[in-house]
Amino acid sequence: MMMRLRYYGRLWKAYMRIGLLTTTQYPADTVIWIISMLLREAAGFVGILAIASVMGSLGAWSFYEICLLFSMCAVIEAISMAFFDNVWNIDSMIRRGEMDVYLVRPASPFVQMVGNRMYFQAVLSMLVYIGIFLWSARGAHVPLNLHTAFVLVEYVICGTLINSGIYTLFNSLNFWIVQGSDLAEFVQTCREFVKYPLHVFPAFIQGFFTYILPLGFIAYYPVLCLLGKTDMPVEILLPAVAAFVAGAASIVWRLGLKGYNSTGT
């Protein structure tokens, strides 16, 4: 078991090295990519702040609390984009028969697939979002204690599993559905809802992003826990939801691989 873990550790390190070399090979392209990503997120952020400024607040959330929610959403998205973004290419891999390459190698096909392409540009964007988080956490008076540190570590790990797990699950539907990535892109669009405090939406939407598509656990509920605005056992629910989503994504992925028949060419 330990030998297997060490093997995957070395393999992941090699993939990260390749990804870093790829990023530095085209510096102009990297800069343009980072700027475009920051502008996209900034546009959504400005929209949220515009609504909050007009209303004076957003569902009793202050300016700094809104910034805190936005930054925590963005950090998770940046992590997923940096290390797990290749799940969005599952459809093209299936259509072109590229999945065959992963199946004939001894390593896990999923590890090979996500490691084959990493976007280290997103790591630089993540540093910007971490800066926004630190600034907004101070303004929102988030307490500095062991509980906060524990929730933050749990939020990063579980939030990444939930976010990437949902994307993997829906992109894996490409094994059975032609252009199944359209459904995954719809889910990604729905993710914009959780950049707002969920309680400003109708109960149906709140329930949808809590029980059906649990994107609310990426940042909204962790923020509530950090601010002391909920009695929910977020510290227990986060790993439970992450385990459920990761397990569901793993099942769908494995079933897809089992029924994969290549392209026949």
Quiz item: Has the side chain of Gln112 got a donor or acceptor atom that lies under 3.5 Å from a matching backbone atom of Ala107?
Solution: yes

Self-check item: Pairs satisfying side-chain hydrogen bond (donor to acceptor under 3.5 Å, both in side chains), at least one member in residues 214-226, at least two apart
Solution: His199-Tyr220, Thr210-Tyr221

Quiz item: Do Leu161 and Val245 come close enough that some side-chain heavy atom pair is under 4.5 Å?
Solution: no

Quiz item: Heavy atoms, side chains only, cut-off 4.5 Å: are Ile205 and Tyr196 in contact?
Solution: no

Quiz item: Does any non-hydrogen side-chain atom of Pro222 lie less than 4.5 Å from one of Leu238?
Solution: yes

Self-check item: Pairwise distance CD(Glu235) to SG(Cys225) - rounded to 0.5 angstrom
Solution: 4.0 Å

Quiz item: Can any side-chain N or O of Ser136 pair as donor or acceptor with the backbone N or O of Phe133 at less than 3.5 Å?
Solution: yes

Quiz item: Heavy-atom distance under 4.5 Å between the side chains of Met93 and Val101, does that happen here?
Solution: no

Quiz item: To the nearest 0.5 Å, what is the distance between CG (Leu215) and CD1 (Ile76)?
Solution: 12.0 Å

Quiz item: Between the side chain of Ser250 and the main-chain N/O of Ala246, is any donor-acceptor distance below 3.5 Å?
Solution: no

Quiz prompt | Side-chain heavy atoms of Val234 within contact of Val151, under 4.5 Å | solution = no

Practice problem: Would you name the heavy atoms of Ser71 and Tyr129 that are closest together and state the gap between them? | Solution: CB-O, 3.6 Å

Quiz item: Mind checking whether Leu257 and Tyr102 have side chains closer than 4.5 Å, heavy atoms only?
Solution: no

Quiz item: If you look at every heavy atom in Val252 and Ser172, which pair is closest and at what distance?
Solution: CG1-CB, 3.7 Å

Self-check item: Flag if over 12 foreign heavy atoms under 6.0 Å of CD1, Ile236
Solution: no

Practice problem: To the nearest 0.5 Å, tell me how far Thr148 OG1 sits from Leu226 CG. | Solution: 5.5 Å

Quiz item: Heavy-atom count around Phe244 CZ within 6.0 Å, excluding the residue itself: above 12?
Solution: no

Self-check item: Considering all heavy atoms, the nearest Trp61-Pro197 contact
Solution: CD2-CG, 3.6 Å

Self-check item: Heavy-atom pair of closest approach, residues Tyr15 and Met118
Solution: CB-CE, 3.9 Å

Practice problem: Nearest 0.5 Å please: distance from the CD1 atom of Ile94 over to the CG atom of Asn89. | Solution: 11.0 Å

Quiz item: Are a donor atom and an acceptor atom from the side chains of Thr160 and Asn163 found within less than 3.5 Å of each other?
Solution: no

Quiz item: Among pairs that include at least one residue of residues 121-145, which meet salt bridge (Lys or Arg N to Asp or Glu O under 4.0 Å), considering only residues two or more places apart or in two chains?
Solution: none

Self-check item: Which atom of Arg191 lies closest to which atom of Val194, heavy atoms considered
Solution: O-CG2, 2.9 Å

Exercise. Check the hydrophobic clustering (I, L, V, M, F, W, Y; side-chain heavy atoms under 4.5 Å; chains of links allowed) and say if Val156 and Leu144 are grouped together.
Key: no

Quiz item: Same cluster or not: are Leu237 and Ile157 linked, directly or through other Ile, Leu, Val, Met, Phe, Trp or Tyr residues, by side-chain heavy atoms under 4.5 angstrom apart?
Solution: no

Exercise. Would you please indicate if the ring centroids of Tyr167 and Phe84 are separated by under 6.0 Å?
Key: no

Practice problem: Could you walk me through whether Leu213 and Phe170 pass side chain to side chain contact (heavy atoms under 4.5 Å, CB included), step by step? | Solution: CA-CA 11 Å; Leu213 192 66; Phe170 283 95; 3.8 Å; yes

Quiz prompt | Within 6.0 angstrom of Asn145 CG, more than 12 heavy atoms from elsewhere | solution = yes

Quiz item: Any link between Val114 and Val104 through a network of hydrophobic side chains (Ile, Leu, Val, Met, Phe, Trp, Tyr) touching at under 4.5 Å?
Solution: no

Quiz item: Are Tyr211 and Phe217 connected in the hydrophobic side-chain network, where two residues link if heavy atoms are under 4.5 Å apart?
Solution: no

Quiz item: Is any side-chain heavy atom of Ser164 closer than 4.5 Å to a side-chain heavy atom of Phe83?
Solution: no

Quiz item: Are Arg95 and Asn174 linked by a side-chain donor-acceptor pair shorter than 3.5 Å?
Solution: no

Quiz prompt | Gap between atom CG of Asn171 and atom CG of Leu183 - 0.5 Å precision | solution = 9.0 Å

Quiz item: When clusters are formed by joining ILVMFWY residues with side-chain heavy atoms under 4.5 Å apart, either directly or through shared neighbours, do Leu224 and Val241 land in the same one?
Solution: yes

Quiz item: Less than 4.5 Å apart, any side-chain heavy atom of Met113 and any of Ile90?
Solution: yes

Exercise. Heavy atoms only: give me the nearest Phe201-Gln206 pair and the separation to one decimal.
Key: O-NE2, 2.7 Å

Quiz item: What is the distance from atom CG of Leu169 to atom CD1 of Ile251, rounded to the nearest 0.5 Å?
Solution: 9.5 Å

